[in-house]
Amino acid sequence: MKQLNILVIGSGGREHAIVDALSRSPQAAKIYAAPGNAGIARRAECVAIRETEVERLVAFAREREIGLTVVGPEAALAVGVVDAFKAAGLRIFGPTQAAARIESSKEFAKELMTKYDVPTAAFRAFTSYDEARAYVATRPLPTVLKYDGLAAGKGVVIAETMEEADAALRDMLLDDKFGRGKVVVEEFLTGPEFSFMCFVSGERVWPMQLAQDHKRAYDGDKGPNTGGMGAYSPLPFVTAEDERYSLERILKPVARAMVAEGCPFEGVLYGGLMKTPQGIKVIEFNARFGDPETEVVLPRLKSDIVDIFCAVADGGEATLEWDERATLGIVLASKGYPGSYAKGVEIEGLDRVEGCVYHMGTKAEGDRVLTAGGRVLFVVGQGATLAEAREKALADVARIACDNLFHRTDIGHCALDE
Ligand code: AMP
Ligand code: GLY
């Protein structure tokens, strides 16, 4: 068997889970992570190159004879890391800048869905404040406003009143707070959300197991939106028929559409879907592995992930086999997150954990592990049922001691508490 040196770009829990899956492969020789974190450092050599330093990443891959590079974060895709690696003749797993527009431009994604008849919320895009306001005034409330400029971050406002909608439109289109942009005005949909990630290589699509994220900061889905406070897999409320529909009517047609539009997609296509009373619809696409969904999905993958990454990058064949057991993971976040928070607080008890902990934002200082981000750790339980997986995750959370962390205790409530 030929072994490969592998480079993973990124520094979060998602990349830790990718490194973990890679380290189970007999095909992995040496694994590097750029820049990695304190948890990743136990399985891979971390190199001090940031995820957007494209030239340094290319130079490193050449120098260390990297046979496969895997991209985690969107920021690296957006600066064209895949294009640069391909131009240098280096094998890389991830979409080009043009294909990553399915995530980086809401308007591109919405127009593609309209053109290829993929079910999504009705929408219109505006650059003019006056036109956007006039349109919103004719629409029912609440209404959904999504900023679509280059300076991403402001994201999504769900306006309950015309005053809220007006304030958001002013922010997005008049005040130039985020640079000149566009706003997509969308119909408000209701229903449970779920994440459907697929490996995609041109027209070929290999579905992964489903997962659900929890975006709100506090129990009961209260508080501000975050990058995700916990996740679990599988999802009892999504039927086999729902899954088939999502694959045949959404993920596969979008993969074919990207080929038809001249920007074939290679990598992970992530459908953020909602099961509405009118059927399953797309809320958003991402052009990469979800975080924290990846940390509950990849532990269930039994197949060799190197085969899959190479099949996507080279156009080969792959089969995906899954562990039937359920996984449930809980984020430990710095107090104050998603607002401002302290860093550098010591974490103890990691050696007492019985299951698996992925590091999201940590830093090693000698033998000590310190907090270094908003989301800090992701504690995963695995069991025959989701209830057992949650019990194990909560037991491990209790073994970790740190003065400055908080977590949700109700992860999985949609599946467990009703
Ligand atoms: P997005 O960044 O597009 O994923 O939106 C962030 C969150 O806003 C989603 O996870 C949904 O909870 C909510 N959201 C976005 N679009 C809609 C919509 N059309 N209807 C209802 N909720 C939405
Ligand atoms: N968990 C949502 C995301 O990765 O964007």
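It should be emphasised that the depicted structure is a prediction, and the values quoted were computed from it without experimental measurement. Numbers here simply count residues along the sequence, with the first being 1. Atoms within a ligand are numbered from 1 in the order they appear, just like the ligands themselves. Worth knowing before you read on, the calculation uses all heavy atoms, side chains too, and leaves out hydrogens, waters and symmetry mates.
Salt-bridge annotation for K252 and E248: present, with a side-chain N of the basic residue lying under 4.0 Å from a carboxylate O of the acidic one. Using a cutoff of 4.0 Å between basic side-chain nitrogens and carboxylate oxygens, E261 and K115 are scored as salt-bridged. Taking the charged nitrogens against the carboxylate oxygens, K182 and E107 do have a contact shorter than 4.0 Å, which makes a salt bridge. Salt-bridge check for E284 with K110: failed, with every basic side-chain N at 4.0 Å or more from each acidic carboxylate O. The existence of a salt bridge linking R408 and D221 is confirmed by a sub-4.0 Å separation between a basic side-chain nitrogen and an acidic carboxylate oxygen.
Counting only heavy atoms of the protein, atom 6 (C) of ligand 1 lies nearest to V156 CG2, 3.9 Å. Closest to atom 20 (N) of ligand 1 among all protein heavy atoms lies L189 N, 2.8 Å. Nearest protein heavy-atom contact of atom 4 (O) of ligand 1 is E284 CD, 2.9 Å.
The distance from ligand 1 to the heavy atoms of K106 drops below 4.0 Å at these ligand atoms: 1 (P), 2 (O), 3 (O). Atoms of ligand 1 found under 4.0 Å from any heavy atom of E186, numbered from 1 in the order shown, are 16 (N), 18 (C), 19 (N). Using a 4.0 Å cut-off to heavy atoms of F188, the atoms of ligand 1 that qualify are 20 (N), 21 (C).
Under 4.0 Å from ligand 1, the heavy atoms of V144 that appear belong solely to its side chain. The side chain of I158, and not its backbone, has at least one atom closer than 4.0 Å to an atom of ligand 1 (non-hydrogen atoms only; side chain from C-beta on).
Crowding of D323 atom CG: a count of heavy atoms from other residues, nucleotides or ligands under 6.0 Å exceeding 12. Summarising the local packing, NZ of K86 is surrounded by more than 12 heavy atoms from other residues, nucleotides or ligands at distances under 6.0 Å.
Within the cation-pi definition used here (under 6.0 Å to the ring centroid, within 45° of the axis), K30 qualifies as a partner of Y32. Remark: R14 is not positioned above the aromatic ring of F289, lacking an NZ or CZ atom under 6.0 angstrom from the ring centre and at most 45 degrees off the axis. Judged by a 6.0 Å distance limit and a 45° cone about the ring axis, R390 is not positioned over the six-membered ring of Y232.
Of the protein's heavy atoms, at least one falls inside 4.0 Å of atom 18 (C) of ligand 1.
If you check each of E193, M274, K146 against atom 3 (O) of ligand 1, the one with the closest non-hydrogen atom is K146.
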Quick one: ligand 2 N/O to protein N/O pairs below 3.5 Å?
unit_1   : atom_1 : unit_2 : atom_2 : d
ligand 2 : 1 (N)  : D213   : OD2    : 2.8
ligand 2 : 1 (N)  : D291   : O      : 3.0
ligand 2 : 1 (N)  : E293   : OE1    : 2.8
ligand 2 : 1 (N)  : E293   : OE2    : 3.2
ligand 2 : 4 (O)  : R288   : NH1    : 3.1
ligand 2 : 4 (O)  : D291   : N      : 2.9
ligand 2 : 5 (O)  : N286   : ND2    : 3.2
ligand 2 : 5 (O)  : R288   : NH2    : 2.9

